[in-house]
Protein chains: 2
Amino acid sequence: MTMTDVATRAGVSAQTVSRVLRQPELVGDEVSRRVREAILELQYVPNFAASQMASNRSGIVAAIIPTISASIFADTVQALSDVFVPEGYQLLLGNNEYDLEKEEELVRSFLGRGPDGLVLSSTHHTEATRALILGAKIPVVETWDWEETYLDLMVGHSNVKAARVVMDHFVSRGYRRIVFAGVTNAGDFRAKARLTGYRAAVKALELDRERVLTLTGKPLSMASGAETMNRVFAEFPDADAVFFSSDVFAAGALLHCVRLGVSVPGDIAIAGFGDFDFSAHLVPSLTTVSVHAGDIGRTAANLLLARMRGEAVASSRIDVGFELVPRESS
Amino acid sequence: MTMTDVATRAGVSAQTVSRVLRQPELVGDEVSRRVREAILELQYVPNFAASQMASNRSGIVAAIIPTISASIFADTVQALSDVFVPEGYQLLLGNNEYDLEKEEELVRSFLGRGPDGLVLSSTHHTEATRALILGAKIPVVETWDWEETYLDLMVGHSNVKAARVVMDHFVSRGYRRIVFAGVTNAGDFRAKARLTGYRAAVKALELDRERVLTLTGKPLSMASGAETMNRVFAEFPDADAVFFSSDVFAAGALLHCVRLGVSVPGDIAIAGFGDFDFSAHLVPSLTTVSVHAGDIGRTAANLLLARMRGEAVASSRIDVGFELVPRESS
DNA sequence: TTGTACGCGTTATCAA
DNA sequence: TTGATAACGCGTACAA
């Protein structure tokens, strides 16, 4: 079923059918009615590929996140979808598994689809990725980071500062022998930024010394958190607090302590990152940093939308901030 | 940059460039080298819309899930991506928010893109949706359900049976005054199937009587679980066990009990559904049903892939099963 | 092994 | 307010 079939059925030209669908105000009432009828009768479905060929607009927004499953990024994707779908855009989704080479492959493949906009979930890319995107001349928003240089638009927050706020909190409650425990997957620059923030805080606050426990190749799971807690006990027996790079690890560690009968925060304080749903409900409840994953998605989508429409944007860089959520675990 | 630009640069015809990209074995070594060089120099990115027009293949797989954020469906999407992306397909994602009308809109919009395959996450659709899909004549796989009638392919498990298995487990441990607590959003047919399984079990096992607590309009959150637990105490003070329709509710309820000092399973037993990461780590650990979200995605993707390639499939309906995971909470 | 002609379904442009 | 025509970039079919 093509537009021509509908046109024949309605006794008009294909161009008129196109107008009914895209600029109905330019078409007469009677003709418009006949066309709509024909569309329904023939179950006509517009061919977007042809539309894209002719108009050079795809109606697609492509988004790349580090990982889809069990992640806070799913909330961002949900928000992207919530904004873009009502505006008539479709969402092409990919995950780079924290691997910049994979991201490059994805970007290359997505650009072939001629997306009207692109959402990336970090400011770290290969040079080739950067070149590809700049060559495509489409609006891009980089999210979940906060850097001085970015391609086009940026929405996120500073992980370095967030880590500092957690450290300030620990110190204000009297903890000074603080461990940082997190993953250091090559591509997880946010976790690295938190580690940077931790290190800076140890110096600035004149804490005892750095105590860093980095996991490599461990999945983001509560089991990894429990395992890490055991390593904290073994390697830093004098520690009085642990800052985990994710609530998932922190919760695994906290529940492990509960099971062992280790008092939190009596024997050791714990803080996480992300403010997952479970964090408020744990007993003891988990101190963490809330990061507004949905806000990042919504803000990024609206900013991108403005760019895609050629509207001026007040600021090309928006800090959605974060919030320390002090709870019982510290 | 078009294929013709690359051809001119390499001193060949556009068709040869196309061959280098799609059937390199048919092209001579020297010509092939020149073409590849030109592609790199010009930063050529193939136009998939044009490719789709000419070949009638889009390289797109469209997937619709109930909700993206904080859900077990994200694991299914991850698995879909893991299978399809290496095969050269791109993933178009949408969420229907458990609303069949929204699903219809999404299907209509996705079909305009000419996807080579479609993944749905239930067997419940409007009649118009069904007609649209059948009219499109593309492979479809319906997931997360188990029904006698389906459109083309089906991958899932029986929620009715899963509920029965939980009930059998409760009874085998001596519980007989069992509450079912779950959401009844209009479009959540899986939760409804679990309720059906519960009701059938109450009859078959000759239990005391039905005790059903249905939440409407509550988000899938631990807070809702805690709230529900209070309602159980108020409305069914004699209950000795609660079967929640999701681990999220169950965990919220369990942690609420821990906080109140209500012994689980001493005072009341709890079981959930889904085997989320946190379920094994809670203290007490949560009895649940493991449902293999990743398996559903992988299996569905491979089945759809076979259909898309025109290969014969051994079975058009695959039961990935489920597993009772008895833990400390019951 | 390489090249030519044609058509896919739509929209932009211009004319009526 | 409506229609005719050309063009988008590529793959298929066929020819050389």
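Note: hydrogens, waters and symmetry copies are ignored here, and every other heavy atom, side chains too, is used. Below, chain A is the first sequence line, B the second, and so on; all start at residue 1.
A straight line from CG of Asp29(A) to P of dT1(D) spans 9 Å, rounded to a whole angstrom. The distance between atom CG of Leu26(A) and atom P of dA16(C), rounded to the nearest whole Å, is 20 Å. Atom CG in Leu21(A) sits roughly 9 Å away from atom P in dT10(C) (whole-Å rounding).
Proximity of residues 108-118 of chain A to DNA chain C (heavy atom under 4.0 angstrom from any strand atom) is not detected for any residue. Of the residues in residues 36-43 of chain A, none has a non-hydrogen atom less than 4.0 angstrom from any atom of DNA chain D.
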I'd like a table of atom pairs between the protein and nucleotides 10-13 of chain D - only N or O on both sides, under 3.5 Å - with the distance next to each one.
residue: dC10(D); atom: OP1; partner: Tyr44(B); partner atom: OH; Å: 2.4
residue: dC10(D); atom: OP1; partner: Asn47(B); partner atom: N; Å: 3.4
residue: dC10(D); atom: OP2; partner: Met3(B); partner atom: N; Å: 2.5
residue: dG11(D); atom: OP1; partner: Arg22(B); partner atom: NE; Å: 3.1
residue: dG11(D); atom: OP2; partner: Ser18(B); partner atom: OG; Å: 2.5
residue: dT12(D); atom: O4; partner: Gln15(B); partner atom: OE1; Å: 2.9

Residue pair Glu148(B), Arg317(B): steps toward the salt bridge (charged side-chain N to carboxylate O under 4.0 Å, His left out) verdict: CA-CA 9 Å; Glu148(B) 290 309 311; Arg317(B) 187 169 73 148; 3.6 Å; yes
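Heavy atoms of other residues, nucleotides or ligands lying less than 6.0 angstrom from CG of Asp319(A) number more than 12.
By the 4.5 Å heavy-atom criterion applied to side chains, Pro46(B) and Arg22(B) are not counted as neighbours.
In terms of the ring-ring contact (aromatic ring centres under 6.0 Å, His included) criterion, residue partners of Phe73(A) (sequence neighbours excluded) are, by chain and number, Trp144(A). Judged as a salt bridge (Lys or Arg N to Asp or Glu O under 4.0 Å), and not counting sequence neighbours, the contacts of Glu37(A) are Arg33(A).
Donor-acceptor pairing under 3.5 Å is lacking for the side chains of Tyr98(B) and Ser122(B).
A salt bridge does not link Lys102(A) to Glu105(A): none of the charged side-chain nitrogens sits closer than 4.0 Å to a carboxylate oxygen.
The end-to-end axis angle of the helix from dT1(C)-dA16(D) to dA16(C)-dT1(D), rounded to 10 degrees and based on five pairs per end, is 30°.
A distance of 12.5 Å separates CE of Met1(A) from CD1 of Ile39(A), quoted to the nearest 0.5 Å.
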